[in-house]
Amino acid sequence: MDKIMLNCDQATLLATQNSVDKIGCVKKIQLNLHLMGCKLCRTFVKQTNQITYELKKEAEMDADNLKLQLTVARKQKMKTEMEKG
Amino acid sequence: MSKKTNTKFIIEPDKWVDQHGDYLYNFAFSRVYSKEIAEDLVQDTFLAGLRAMHSFQGRSSELTWLISILKRKVIDYYRKASTSKEIVATEFTKPFRKDGLYEGHWILERAPKEWKGDLADPINRAEFRKILEQCLNELPENWKAVFVLKYIDDMENKDICKELECTPTNLWVMLHRARLKLRECIEMYWLR
C-alpha cells in the first residue's frame, strides 16, 4: 500500500514535476488519487499555480507600458561607460 | 556612432540607452527581482553589445538581439551566484512530518490555509505581486535561479543543470523546496 498511496511530501513533489514536465501515466494517476483525497495538497496545487501565473504575468513585457524606469542619472552613467568601452 | 555592417544593416549603439534601456531594465528585473542587479545587467549587456556589434547580422531587430545578450547575462549572474562558496545555507525544513505513523504528511501548523481575496481585483493583484517579489528575494540564490529559469524561461533541466552545476535530482529537490518555501512565505504575508 505504501508504494501505491503517496504521502503529501511525495505528492507535492510530483505536483511540482507535473507543473513543468511530463510525469507519465502511472505517476499522474497516483497524484490525482492523492489529490482527490487530500484537501491540503489540492490547496497547495491551487496556490502554487496562482504563484506561477502571477510570476509569468509579471514577466510579460508590454513595451508601451513599462513599469520600471531607469533614472536619468543611471542612463547617463551607462552612456558614459559605453563611450569608454 | 552609426555603423553599417557588411550586410547593409544599420546598428546604432548611441541610441541604445534611450531607445532600449527601460525595456531591458524591466526584462532584467523580472528575472532577478533586484533593481541594482538589473541595472548592472543592462549596463553589461550594452557593453557586450558594443563588443559584439560586428556579429549583428540584422536577422532580428536590435532589441531582440540585445535581449538575447541580456538573457545570457542573467544566466551568468545566476551561475555565479549559485556556485559561489558563500552561499548561505537556508534553515528551511520541509513542512512534512519526518517520522512516525504520519511520516510525509503536512505538519498542520504549516499546512496550506485558504487565501482570501480575488486576485482578479487589481488592488489584490498588486499586493500579491509585491509579496511575491519579497518572498522570491528570501529564497537562497540557487533556488531562486532554478525557479526563475524553469518557470519564466522554460529552460530544460539539463541546461539548467549544466549552468548551475547540479544533478537532475538536485534540481527537483531545489525546485520542490523553493515552491514550498515560497508558498509558505507568501501565505504568511498574505494572511497578515
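Chain letters run A, B, ... following the sequence lines, proteins first and then strands; every chain starts at 1. These numbers come from a predicted model, not from an experiment.
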*Measure the spacing between CD of Gln43(B) and OG1 of Thr80(A) and express it to the nearest 0.5 Å.*
9.0 Å
*Least distance between heavy atoms, Trp172(B) atom then Leu13(A) atom*: O-CD1, 4.1 Å
*Proximal component of Leu108(B), with respect to chain A [non-hydrogen, under 4.5 Å]*: side chain
*Nearest atoms (heavy-atom pairs only) where Lys113(B) meets Gln47(A)*: O-NE2, 2.7 Å
_Taking side chain as everything from C-beta outward and backbone as N, CA, C, O, which of these in Thr48(A) sits under 4.5 Å from a heavy atom of chain B? Side chain, backbone, both or neither._
both
*Taking the side chain as every heavy atom from C-beta outward, state whether Asn7(A) and Phe96(B) have any pair of such atoms under 4.5 Å apart.*
no
*First locate atom NZ of Lys35(B), then atom OG1 of Thr71(A), and finally report the distance between them rounded to the nearest 0.5 Å.*
10.5 Å
*Shared hydrophobic cluster for Leu119(B) and Leu182(B) (ILVMFWY, side-chain gaps under 4.5 Å)*: yes
*Would Met188(B) end up clustered with Phe92(B) when hydrophobic side chains under 4.5 Å apart are linked, directly or stepwise?*
yes
_Quick check for you: to the nearest 0.5 Å, what is the distance between Cys8(A) atom SG and Lys94(B) atom NZ?_
12.0 Å
_Connected via hydrophobic side-chain network under 4.5 Å: Tyr25(B) and Leu66(A)_ = yes
*Least distance between heavy atoms, Leu50(B) atom then Met82(A) atom*: CD1-O, 3.3 Å
*Under 4.5 Å between any side-chain heavy atoms of Arg179(B) and Thr52(A), yes or no?*
yes
_Quick check on Leu63(B) against chain A: is it the side chain, the backbone, both or neither that has a heavy atom closer than 4.5 Å?_
neither
_Shared hydrophobic cluster for Leu33(A) and Val45(A) (ILVMFWY, side-chain gaps under 4.5 Å)_ = no
_Please identify, among Pro112(B), Ser30(B), Cys135(B), the residue contributing the most non-hydrogen atom pairs under 4.5 Å to chain A._
Pro112(B)
*What about Ile29(A) and Leu14(A), same hydrophobic cluster or not, with Ile/Leu/Val/Met/Phe/Trp/Tyr joined at side-chain heavy-atom distances under 4.5 Å?*
no
*Do Trp106(B) and Asp9(A) come within less than 4.5 Å of each other through their side chains, counting heavy atoms only?*
no
_Side chain / backbone / both / neither for Arg183(B) at chain A, heavy atoms under 4.5 Å_ = both
*asked:* Tell me which of these, Lys57(A), Lys77(A), Lys46(A), has more heavy-atom pairs under 4.5 Å with chain B than the rest.
replied: Lys57(A)
*Looking only at heavy atoms, what is the nearest atom pair of Lys56(A) and Tyr151(B), with distance?*
CE-O, 2.9 Å
_Pair Asp22(B), Lys75(A) - check salt bridge (Lys or Arg N to Asp or Glu O under 4.0 Å), show working._
CA-CA 9 Å; Asp22(B) 286 335; Lys75(A) 283 190 180 172; 3.3 Å; yes
*Do Asn26(B) side-chain atoms and Leu68(A) backbone N/O form a donor-acceptor pair below 3.5 Å?*
yes
*Approximate separation, where rounding is to 0.5 Å, of Leu180(B) CG and Phe44(A) CZ*: 4.5 Å
*So which part of Glu103(B) gets closer than 4.5 Å to some heavy atom of chain A, the side chain, the backbone, both or neither?*
backbone
_Gap between atom CG of Leu47(B) and atom NZ of Lys84(A) - 0.5 Å precision_ = 9.5 Å
*Phe128(B) and Gln50(A): which non-hydrogen atoms are nearest, and at how many Å?*
CE2-O, 4.5 Å
*Could you tell me which non-hydrogen atom of Phe27(B) sits nearest to which non-hydrogen atom of Met61(A), and how far apart they are?*
N-CE, 3.5 Å
*Working to the nearest 0.5 Å, report the span between CH2 of Trp115(B) and CD1 of Ile51(A).*
4.0 Å
*List the steps and the verdict of salt bridge (Lys or Arg N to Asp or Glu O under 4.0 Å) for Lys79(A) and Asp18(B).*
CA-CA 9 Å; Lys79(A) 292 180 192 173; Asp18(B) 290 322; 2.9 Å; yes
*Residue by residue, which of residues 154-165 of chain B have a heavy atom closer than 4.5 Å to a heavy atom belonging to chain A?*
Asp154(B), Asn157(B)
*Is the shortest side-chain N to carboxylate O distance from Arg31(B) to Glu58(A) below 4.0 Å?*
no
_One pair to check against salt bridge (Lys or Arg N to Asp or Glu O under 4.0 Å): Asp40(B) and Arg74(A). What are the steps and the verdict?_
CA-CA 10 Å; Asp40(B) 288 344; Arg74(A) 193 63 178 91; 3.3 Å; yes
